[in-house]
Amino acid sequence: MKLPQRVTICEVGTRDGFQIEPEFIPTDVKVEVVDLLTEAGVPRIEVTSFVHPKAVPQLRDAETVMARIRRRPGTQYAALVPNEKGAVRAVDAGVDALHTVLSASESHNLANVNMTIAESVEKMGAVLAVAARARVAVSCGISTSFGCPFEGEVPISRLQSIVARLADMGAQAFGLADTTGMANPRQVAAVLEHLVPRFPGVEWTLHTHDTRAMAIPNILAAMECGVVNFDSSIGGLGGCPFAPGASGNVCSEDLVHALHAMGVETGIDLDRLIAVSRRVETVIGRALPGQIIKAGPWTRRYPLPDGVAARLAPAR
Ligand code: COA
Ligand code: ZN
């Protein structure tokens, strides 16, 4: 397999995950989880979103969370923003990077941000300008890139034209999001083989949801196409409130475990990451979908059963 030596993980659990939790997660807990992720060595964290507090009341404390987290130099603290107002709020709150959001399908874009795709694209100009003035990075996220829960298939040509228009406006980084886990590895490869050579110099991120258990296979396909940036969510939290059937992102500790097992570096301390996941399970009061938290890493060994130990002994 053609795998990279190292990839960059962006943890999105405190945004994509906490936004859909039925109970409001207390601000103190959000801050604690971000700090634990920082200590585990996660290089990028999408801390929260600066959206309308009525649209996503769970993240109405975005400013306070940003103000109270302990920031480690070198770690990138980002936030999701849907429009200029969100971008200004995020920059004022001191984020290092803006992750914008628009959808590749009209129906999901209207449901999510109350704009047509054309309106969203046009308004992205103002967001890019806010970021440029503040000298913060921007990555343009494109939801439903691999399929829409309302419309079904999303043509690659539509994705290409959205990327092209945003690139013309100065965007240099894109996050392709599989919002409701509709993508399969062949499709991911086909989309990337089409887009990557057409936009040289662009940084691509794959944002996966494990709704249909294809997230890690999709990430493998993307790595073989040269993508080295992946979003994931602690414990496998996550889901879009405006996309029916949405469920958790690829689980961070499962992904990090899989990457390390294959010799791909992340710079993340897996044991500490698993400890964060345990803490999040306690906070939300239910088991999360991750596997490694239950199975332990592949290096885990069990004591031999009695009879087996006795019969092995002479051979040793
Ligand atoms: N943060 C806070 N308030 C905002 C805002 C933002 N980012 N963007 C707009 N507003 C306020 C405006 O100031 C205005 O307030 P006013 O009525 O007091 O003047 C009001 O919201 C309406 O503004 P408008 O631009 O018409 O927004 P809208 O009602 O069409 O909503 C969004 C658009 C994008 C703000 C809203 O749909 C949203 O926040 N969606 C969240 C999407 C999301 O997080 N999805 C999950 C992740 S993918
Ligand atoms: Zn998502």
Side-chain angles (χ1 to χ4, degrees), residues 9-21 46-66 78-93 95 98-105 107-117 119-124 126-127 130-131 139-150 174-183 205-212 214-215 218-219 229-252 255 289:
I9 301 286
C10 177
E11 168 63 45
V12 298
T14 55
R15 195 281 300 171
D16 210 334
F18 288 172
Q19 74 178 4
I20 201 174
E21 281 303 309
E46 190 176 279
V47 176
T48 185
S49 65
F50 290 85
V51 300
H52 199 291
K54 284 212 181 98
V56 184
Q58 290 89 335
L59 302 182
R60 61 179 182 264
D61 55 359
E63 272 87 357
T64 321
V65 173
M66 276 308 302
L80 182 119
V81 301
N83 56 14
E84 184 182 9
K85 170 139 190 183
V88 170
R89 285 178 58 206
V91 161
D92 286 348
V95 303
L98 301 179
H99 293 173
T100 69
V101 53
L102 66 84
S103 302
S105 65
S107 42
H108 185 260
N109 206 56
L110 285 164
N112 198 37
V113 292
N114 193 28
M115 288 180 264
T116 64
I117 297 176
E119 284 164 353
S120 268
V121 169
E122 194 198 306
K123 294 207 165 153
M124 251 351 127
V127 174
V130 170
S139 175
C140 294
I142 307 179
S143 299
T144 67
S145 281
F146 302 93
C148 166
F150 307 110
F174 292 90
L176 301 178
D178 183 22
T179 308
T180 58
M182 292 172 69
T205 296
L206 187 69
H207 175 99
T208 55
H209 283 260
D210 205 27
T211 318
R212 294 180 175 82
M214 289 192 279
N218 288 336
I219 289 168
N229 301 292
F230 299 99
D231 289 351
S232 67
S233 185
I234 191 76
L237 286 168
C240 175
F242 308 101
S247 67
N249 294 92
V250 65
C251 167
S252 298
L255 176 60

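Each ligand, and each atom within it, is numbered from 1 in the order the structure gives. Basis for what follows: all heavy atoms, side chains included, without hydrogens, waters or symmetry-related copies. The chain is numbered in sequence order, starting from 1.
- With a 6.0 Å radius and a threshold of 12 heavy atoms from other residues, nucleotides or ligands, Glu122 has its CD atom at or below the threshold.
- In this structure, atom 24 (P) of ligand 1 has no protein heavy-atom contact shorter than 4.0 Å.
- The protein heavy atom nearest to atom 29 (O) of ligand 1 is Asn114 ND2, 4.1 Å.
- Note that atom 11 (C) of ligand 1 has protein non-hydrogen atoms nearby, at separations under 4.0 angstrom.
- Excluding waters, the count of protein N/O/S atoms less than 2.8 Å from the Zn ion (ligand 2) comes to 3.
- For ligand 1, the polar-atom distance check finds no N/O of Arg15 at less than 3.5 Å from any of the ligand's N/O atoms.
- What sits closest to atom 35 (C) of ligand 1 on the protein, heavy atoms only, is Asn83 ND2, 3.7 Å.
- The distance criterion of under 3.5 Å between nitrogen or oxygen atoms is met by Val51 with respect to ligand 1.
- Atom 3 (N) of ligand 1 lies below 4.0 Å from at least one non-hydrogen atom of the protein.
- Protein heavy atoms are absent from the 4.0 Å sphere centred on atom 14 (C) of ligand 1.
- In this structure, atom 44 (O) of ligand 1 has protein heavy atoms in its sub-4.0 angstrom surroundings.
- Residue Pro241 has no nitrogen or oxygen atom sitting less than 3.5 Å from a nitrogen or oxygen atom of ligand 1, judged on distance alone.
- Residues Glu21 and Leu237 share a closest heavy-atom pair of OE2-CD2, 3.6 Å.
- Protein heavy atoms are absent from the 4.0 Å sphere centred on atom 17 (O) of ligand 1.
- Contact annotation for atom 40 (N) of ligand 1: protein present (non-hydrogen atoms, distance under 4.0 Å).
- The shortest contact between atom 5 (C) of ligand 1 and any protein heavy atom is with Lys85 CG, 3.6 Å.
- In this structure, atom 37 (O) of ligand 1 has protein heavy atoms in its sub-4.0 angstrom surroundings.
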